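First up is the structure itself, then whatever we jot down about it.
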Amino acid sequence: MAQLQKPEFVYMGGALRRWEEAVLHVGCEGVNRSLNVFEGIKGYWQPNGQFGILQLKRHYGRLCQSARLLQIPFDHSFDQYSDAIFELMGALLKSDWDMWARTTLFAIDGHWGEGTVSDLVVTAYHQDKQVPPPICIGTSTWQRSSDISLPARIKTGTNYQVARLARMEGRARGCQEMVLLNQWGRVAEATGACVLMVRDGIVYSPPPTEGALESITLDITEALARSLNIPFVRRPIDRTELLVADEIGICGTLAELTLVRSVDGQPLAEKGPVLGALQRRYFEAIRGIVPHSYIELTIVPSRSKASVQNPFGKNKSANRRS
Ligand code: PMP
């Protein structure tokens, strides 16, 4: 059974606190209407021993955009946002593990949009350093909601209700990921990643107007493809194209660049030449082995190591910053 790791610390209310103490009140909109927006960010150990967080400014920008679309106030500057992440990662980092962190703005006060107050909560989890193995995917009977119902552009937990149902459906069919179709029956995205399709040497991915998140990893993939002289086109993708594609992959901060070995039970080339080359370049670049000018790694400052010894030394009181 899948189990969520329970790291020792969580960043909440402007300070580190123990996992068991990081709780939200049942009366707040963050709980009773699932009012939150979030970002999943990933950090990788670099060859020089530093720990770098991938495209952090882009994640901050998208968090601000999601908050704005749901009218959740968020007044942290980029530096305040980064400091919160540095504080938690600094306390949890282990040299053998990369990390994935979730930075969430929960609505902790307010009612139906009046007097909304948010709190930045950061949770971080250890991740192994393996390149993900190829996966089986399927097409879900659940549908991506439209831009006028629950916009895919808003990265809010609520959007993942359908994703959860699709994953449960997928598990019953032996799939590790599922593709959600949009209201026109075309490919929107996977439950936690964007879809990449290769036909005749060209990489295709649906644009956000088809119901995909404005993906940061997809932009990296496009930049890497351009430097490898691999044509990359954003255009709608029909469902049947997935079944006749030469190669399929998914990409996202957590999925990284994962190759697909079957769609709805139909096998595909596991190590397709195009996505295989892109996957190799992706891991070289994010691990700083062969850097790429598009990729920005924000280094977790070593001063954060001070908090490893005494994570509660800096701010013992649970100071709520809203
Ligand atoms: N779509 C969905 C639904 C996702 O959850 C993710 C992961 N954040 C993505 C696409 C990929 O986005 P990104 O590359 O910015 O992580």
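In each ligand, atom 1 is the first atom listed, and ligand 1 is the first ligand listed. What you see is a predicted model, and the numbers here were worked out from it, not measured in a lab.
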Any idea how Tyr125 and Trp19 line up, ring-wise: parallel (<30°), tilted (30 to 60°), or perpendicular (>60°)? perpendicular
Can you sort out which atoms of ligand 1 are near Lys155, meaning under 4.0 Å from one of its heavy atoms? 4 (C), 5 (O), 7 (C), 8 (N)
With respect to atom 7 (C) of ligand 1, which of Ala190, Cys194, Cys251, Gly192 exhibits the smallest heavy-atom separation? Gly192
Residues which pass salt bridge (Lys or Arg N to Asp or Glu O under 4.0 Å) with Arg199, listed by chain and number, not counting sequence neighbours: Glu241
Out of Ile135, Leu275, Leu278, Val131, which residue meets the side-chain contact (heavy atoms from CB on, under 4.5 Å) rule with Leu259? Leu275
Ala193, portion touching ligand 1 at heavy-atom distance under 4.0 Å: backbone
Test item: side-chain donor near acceptor, Gln65 and Tyr60, under 3.5 Å: no
Assess Arg62 for proximity to ligand 1: is some non-hydrogen atom of it under 4.0 Å away? yes
Where on Thr191 is there a heavy atom closer than 4.0 Å to ligand 1, on the side chain, on the backbone, on both, or on neither? backbone
Is Gly40 in contact with ligand 1, taking contact as a heavy-atom separation below 4.0 Å? no
To which protein heavy atom is atom 14 (O) of ligand 1 closest, and what is the distance rounded to 0.1 Å? Thr217 OG1, 2.5 Å
Hey, is Ile220 one of the residues with a heavy atom under 4.0 angstrom from ligand 1? no
Go through the structure and list residues passing side chain to side chain donor-acceptor pair (under 3.5 Å) with Gln266, not counting sequence neighbours. none
min-distance protein heavy atom vs atom 5 (O) of ligand 1 -> Tyr160 OH, 2.5 Å
Identify, for atom 1 (N) of ligand 1, the protein heavy atom at the shortest distance, and state residue, atom and that distance. Glu189 OE1, 2.6 Å
Tell me yes or no: between the side chains of Thr191 and Arg167, is some donor less than 3.5 Å from an acceptor? yes
Is a donor from one side chain sitting under 3.5 angstrom from an acceptor on the other, for Thr139 and Asp264? yes
Distance to 0.1 Å, residue and atom name: give those for the protein heavy atom nearest to atom 16 (O) of ligand 1. Thr253 OG1, 2.6 Å
When only distance counts, is Glu214 in polar contact with ligand 1, meaning an N/O pair under 3.5 Å? no
Flag for Asn48-Gln50: side-chain donor and acceptor within less than 3.5 Å: yes
